[in-house]
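Worksheet: one structure, shown below.
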Amino acid sequence: MLSNIQIITDRLTNALQNAEKPVALHEPEFAQSAWEYVKECIDTGWVSSAGKYVEKFAQDLSDYTGLYAIPVMNGTAALHLCMYMAGVRHDEEVLTPTLTFVATANAVSYLGATPHFIDCEKDRFSLDIAKLEKYLADDFSKTPQGVVNKHTGKLSRVLIVTHIFGHIEQMERLIALCSEYNLILIEDAAEALGSFYNGKHAGHFGTLSALSFNGNKIVTTGGGGAVLTPDKALAVKALHLSTTAKVADPYSPVHDQVAYNYRMPNINAALGCSQLEGLKAALINKKKLAQHYQSLLQDIDDINLLSAPKNCDSNYWLNALIFNSEAERNALIDSLSAYNIQTRGVWRPMHQLPMYKDAPSMDCSQAESLAARTVNLPSSAFLID
Ligand SMILES: *Cc1c(COP(=O)(O)O)cnc(C)c1O
């Protein structure tokens, strides 16, 4: 076991280390245009949530994804709006992956609803659809509005899928399952900008989806996110909800419902416009880096470098290495950190967090095991040329 860790450490330090600079998990790269666009916001005074870059960023995202796009303050806010627009209510449950970033489950909780946790596939990060199908058949009753949990009596109308590390998996089966059980599919696509499934960008499979432009994502706006939807009426609603439900009036501003101040500021959108210009090049490099890791590690026994699923053209946001044991995973994290190479274990599954430990959940033993054995490797696009 330890000899494996030594071999992996040797190969990764050789491949990644240049001079004394620490290697981060995922770092952004800024082009000259970032300076120009941001400077223009400052020079003209348009730094806040009105201004031409917010409109342009929305349009650029829409052109790239083929969906309506509404830029907001962060991915968590985007998820909150998705849940709100799906009509999630305080007395409901929402079927939520247990292996995801905490924002997915928190967005459900913000509406007073309860996440109901679903396991992942064995040694894959996607939902275990067969297990979910059996669970729905055994533990729920089907209604025209969704499924009712036989144990709690609560309705679930929404299923969330997270495209972890940019991988989009088994969408046909998931869509078929949702239509069989009258569930609304929402995509947490925070990690999936630049990922396509059967030629369609993330966000084309659910009713609504959320992107994130946090500093460690593939495109960053500092902090930021977006709601994506193929539905024009929902797009209009998302824009309205994210701009305090303000209605234009020539004399005095009117707000026609309780809503949110979630609009992305112009200065962040300016950065986003510059970043999107570099997305295609970044995607090429990220694919090369994933292939490079593959060739570096393929002859080593008892490890598995997560590959893109069938039919998915992945952005390879973060490369993931899966060990047979937690001890080996932790040993690699320690060993690489001694060389200033930053890696990170996968999030603790949601059903194990203190605020969600009593939430309803199916058996999530596959997620528990996988999360404990996986480490993310440095994945910045510029690590390879
Ligand atoms: C980053 C991320 C989010 C939230 O994004 P923020 O912009 O940080 O609020 C949500 N879900 C997943 C899976 C993420 O990786």
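Atoms within each ligand, like the ligands themselves, are counted from 1 in listed order.
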ask   = Do Lys131 and Asp119 pass the salt bridge (Lys or Arg N to Asp or Glu O under 4.0 Å) test, and can you show the C-alpha distance, the side-chain angles, and the key distance before you say yes or no?
value = CA-CA 8 Å; Lys131 193 169 176 178; Asp119 202 6; 2.6 Å; yes

query = Can you tell me if Ser379 and Asn319 form a side-chain donor-acceptor pair at under 3.5 Å?
reply =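 Side-chain D/A pair, Ser379 to Asn319: present.
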
ask   = Does anything in residues 92-115 pair up under side chain to side chain donor-acceptor pair (under 3.5 Å), and if so which pairs, sequence neighbours excluded?
value = Arg89-Glu92, Glu92-Arg157, Glu93-His116, Glu93-Asn149, Glu93-Thr152, Thr98-His351, Thr100-Thr104, Thr100-Thr162, Thr104-Asp188, Asn106-Tyr356, Ser109-Tyr356

Pairs of nitrogen or oxygen atoms, one from ligand 1 and one from the protein, closer than 3.5 Å: please tabulate them with distances.
{"from": "ligand 1", "atom 1": "5 (O)", "to": "Ser212", "atom 2": "OG", "distance (Å)": "3.2"}
{"from": "ligand 1", "atom 1": "7 (O)", "to": "Gly75", "atom 2": "N", "distance (Å)": "2.7"}
{"from": "ligand 1", "atom 1": "7 (O)", "to": "Ser212", "atom 2": "OG", "distance (Å)": "2.7"}
{"from": "ligand 1", "atom 1": "9 (O)", "to": "Gly75", "atom 2": "N", "distance (Å)": "3.3"}
{"from": "ligand 1", "atom 1": "9 (O)", "to": "Thr76", "atom 2": "N", "distance (Å)": "2.8"}
{"from": "ligand 1", "atom 1": "9 (O)", "to": "Thr76", "atom 2": "OG1", "distance (Å)": "2.5"}
{"from": "ligand 1", "atom 1": "11 (N)", "to": "Asp188", "atom 2": "OD1", "distance (Å)": "3.3"}
{"from": "ligand 1", "atom 1": "11 (N)", "to": "Asp188", "atom 2": "OD2", "distance (Å)": "2.8"}
{"from": "ligand 1", "atom 1": "15 (O)", "to": "Glu191", "atom 2": "OE2", "distance (Å)": "2.5"}
{"from": "ligand 1", "atom 1": "15 (O)", "to": "Lys217", "atom 2": "NZ", "distance (Å)": "3.2"}

request  = Keeping the roles fixed (side chain from Asn266, backbone from Tyr53), state whether a donor-acceptor pair exists under 3.5 Å.
outcome  =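 Here the side-chain-to-backbone pair exists.
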
inquiry  = Tell me whether Glu55 contacts the main-chain N or O of Lys52 through its side chain, where contact means a donor paired with an acceptor under 3.5 Å.
reply    = no

task = Assign the ring pair Phe101 / Trp347 to parallel, tilted or perpendicular, where the plane angle (0 to 90°) is split at 30° and 60°.
result =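 Because their plane-to-plane angle lies in the 30° to 60° range, the rings of Phe101 and Trp347 count as tilted.
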
